[in-house]
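One structure below.
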Amino acid sequence: MSTIEKLKWRYATKKFDTNKVLSSEKLQILKEAFNLTATSFGLQTISLVVVGDKGQREPLVAHAYGQKQVLEASHLLVICIQDNIQDHDVNDYYKNIEDIRETPSEILEPYRKSLMDMMQKMTVEERRQWSKNQAYIALGNLMTVCAIEEIDATPMEGFIPDKLDESLKLKALGLKSVLLLPVGYRAEDDMFSSFKKVRKPIEETVIEL
């Protein structure tokens with residue numbers, strides 16, 4: 001299939017085949033795709049929690065308003081943000097640039113200071129919202145990669161973050177869940193897989209100037 005054909009093949013899977021599990025190779029592709037997602041300044045204040053164990057996932061169904069895909073999928077991907085961005089996150093980021101690219105610290109210092117100043121002027125809630133914006137970029141990236149790799153997925157905002165965080169003990173990791181993405185393979189009897197996509201004409205959504 002071409003890229004567009006694969007994007008047309010993709011849909012929000014309503015029912016997964018519980019007997020099919022992603023291979024370690026496919027799962028690794030999703031992990032690397034997440035890590036390669038573009039983020040503002042490249043700061044990466046988001047994390048991906050991969051939940052494969054169904055025992056851990058079973059109580060999460062209630063926190064997702066009964067959406068069974070959370071349990072029936074091969075794996076549940078939880079996109080999280082840092083509870084708060086700290087000074088050391090900025091310092092560590094520029095140290096990483098210095099090490100990987102062998103860029104002298106004196107060249108990076110003005111940029112480090114500028115980003116540090118920007119973060120320090122934000123409230124904690126503003127930093128969280130800034131990170132949430134990056135989380136949505138990651139979700140879109142993962143959904144596209146899933147389509148290319150012919151992995152089925154269901155993007156979800158409909159869940160109770162505090163309850164899920166408590167169940168997965170995310171607070172101890174300094175994380176807050178913001179988005180869910182169950183991934184796996186569609187069930188043969190999921191009638192939604194054959195539904196035609198409903199979209200506006202491209203002339204209405206794409207404006208050429």
Side-chain angles (χ1 to χ4, degrees), residues 7 9-24 26-31 33-35 37 39 44-84 125 127-147 149-195 197-198:
L7 290 173
W9 170 88
R10 185 212 71 77
Y11 75 111
T13 306
K14 300 297 186 289
K15 187 177 181 182
F16 285 92
D17 187 332
T18 57
N19 296 312
K20 291 184 179 180
V21 179
L22 291 180
S23 67
S24 58
K26 289 286 189 183
L27 200 56
Q28 186 62 29
I29 288 172
L30 296 183
K31 292 175 185 177
F34 175 84
N35 197 49
T37 293
T39 60
Q44 291 183 285
T45 59
I46 56 176
S47 296
L48 185 68
V49 176
V50 182
V51 190
D53 182 73
K54 292 204 170 185
Q56 279 189 296
R57 283 190 273 154
E58 190 167 4
L60 304 183
V61 175
H63 306 329
Y65 303 106
Q67 296 179 91
K68 292 183 179 178
Q69 298 100 312
V70 167
L71 176 62
E72 294 176 347
S74 169
H75 291 75
L76 174 65
L77 307 185
V78 184
I79 302 177
C80 303
I81 61 170
Q82 288 181 214
D83 186 49
N84 191 14
E125 191 51 46
R127 291 186 204 120
R128 288 174 182 166
Q129 185 57 54
W130 186 82
S131 292
K132 283 181 183 179
N133 294 340
Q134 320 307 311
Y136 281 93
I137 297 172
L139 176 66
N141 188 40
L142 283 172
M143 289 172 64
T144 299
V145 172
C146 280
E149 294 294 324
E150 296 185 22
I151 297 169
D152 288 298
T154 308
M156 291 182 179
E157 289 182 300
F159 69 103
I160 307 168
D162 289 345
K163 294 289 187 182
L164 188 135
D165 295 354
E166 182 181 353
S167 185
L168 295 179
K169 299 179 172 59
L170 296 182
K171 187 175 181 180
L173 301 174
L175 300 175
K176 295 177 74 69
S177 60
V178 292
L179 294 163
L180 302 181
L181 188 68
V183 293
Y185 298 101
R186 65 189 69 177
E188 289 185 7
D189 60 348
D190 185 358
M191 65 180 183
F192 290 92
S193 66
S194 61
F195 284 9
K197 281 201 180 299
V198 178

Using a 3.5 Å distance criterion without hydrogens, assess whether the side chain of Arg10 forms a donor-acceptor pair with backbone atoms of Glu150. no
In terms of heavy-atom contacts, does CD of Glu125 have more than 12 from other residues, nucleotides or ligands at under 6.0 Å? yes
Nearest heavy atoms of Ser177 and Leu170, plus distance in Å: CB-CD1, 4.0 Å
Considering residues, nucleotides and ligands other than Lys197, do more than 12 of their heavy atoms fall under 6.0 Å from its NZ? yes
Determine whether more than 12 heavy atoms belonging to other residues, nucleotides or ligands lie under 6.0 Å from atom CD of Glu58. no
With a 6.0 Å cut-off (strictly less than), is the heavy-atom count around NZ of Lys163, excluding the residue itself, greater than 12? no
Is it true that Asp83 and Arg128 make a salt bridge, defined as a side-chain N closer than 4.0 Å to a carboxylate O? yes
So do the side chains of Val145 and Phe34 get within less than 4.5 Å of each other, counting heavy atoms only? no
pair Phe159-His63: side-chain heavy atoms closer than 4.5 Å: no
Between Tyr11 and Asp152, is any side-chain donor less than 3.5 angstrom from a side-chain acceptor? no
With a 4.5 Å heavy-atom cut-off, do Val51 and Val78 have their side chains touching? yes
Gln69 (side chain) donor-acceptor with Phe16 (main chain) under 3.5 angstrom: no
Side-chain donor or acceptor of Ser23 paired with backbone N/O of Lys26 under 3.5 Å: yes
Rounded to the nearest 0.5 angstrom, the CG-CD1 distance for Leu48 and Ile46 is 8.5 Å
Which pair of heavy atoms, one from His75 and one from Val50, lies closest together, and at what distance? CD2-CG1, 4.0 Å
If you round to the nearest 0.5 Å, how far is CG of Asp165 from CG of Leu175? 8.5 Å
Step by step, work out the side chain to side chain contact (heavy atoms under 4.5 Å, CB included) result for Leu60 and Leu71. CA-CA 8 Å; Leu60 304 183; Leu71 176 62; over 6 Å; no
Is any side-chain heavy atom of Met143 closer than 4.5 Å to a side-chain heavy atom of Pro155? yes
What is the distance from atom CG of Leu142 to atom OG1 of Thr37, rounded to the nearest 0.5 Å? 5.5 Å
Rounded to the nearest 0.5 Å, the CD1 atom of Ile151 sits from the CD1 atom of Ile29 at a distance of 6.5 Å
Specify the closest pair of heavy atoms between Thr45 and Trp130, including all atoms of both residues, with the distance to one decimal. OG1-CZ3, 3.8 Å
Do the non-hydrogen side-chain atoms of Val178 and Cys80 ever get within less than 4.5 Å of each other? no
Rounding to 0.5 Å, atoms OG1 (Thr154) and CZ (Phe192) come to a distance of 11.0 Å
Flag side-chain contact, heavy atom, 4.5 Å: Gln67 against Met156: yes
Kindly indicate whether the side chain of Leu30, heavy atoms from C-beta on, has any atom under 4.5 Å from the side chain of Leu22. yes
Quick check: does any side chain N or O of Lys14 sit under 3.5 Å from a backbone N or O of Ala12, one acting as donor and the other as acceptor? yes
Tell me if a side-chain donor or acceptor on Ser131 pairs with a main-chain N or O of Arg127 at a distance below 3.5 Å. yes
Give the intermediate values and the outcome of salt bridge (Lys or Arg N to Asp or Glu O under 4.0 Å) for residues Asp17 and Arg186. CA-CA 5 Å; Asp17 187 332; Arg186 65 189 69 177; over 6 Å; no
What's the separation between atom CD in Gln134 and atom CD1 in Ile79, rounded to the nearest 0.5 Å? 12.0 Å
Give the minimum heavy-atom separation between Glu72 and Lys54, together with the two atoms involved. O-NZ, 3.9 Å
Are Gln56 and Leu76 packed together at the side-chain level, in the sense that at least one heavy-atom pair is separated by less than 4.5 angstrom? no
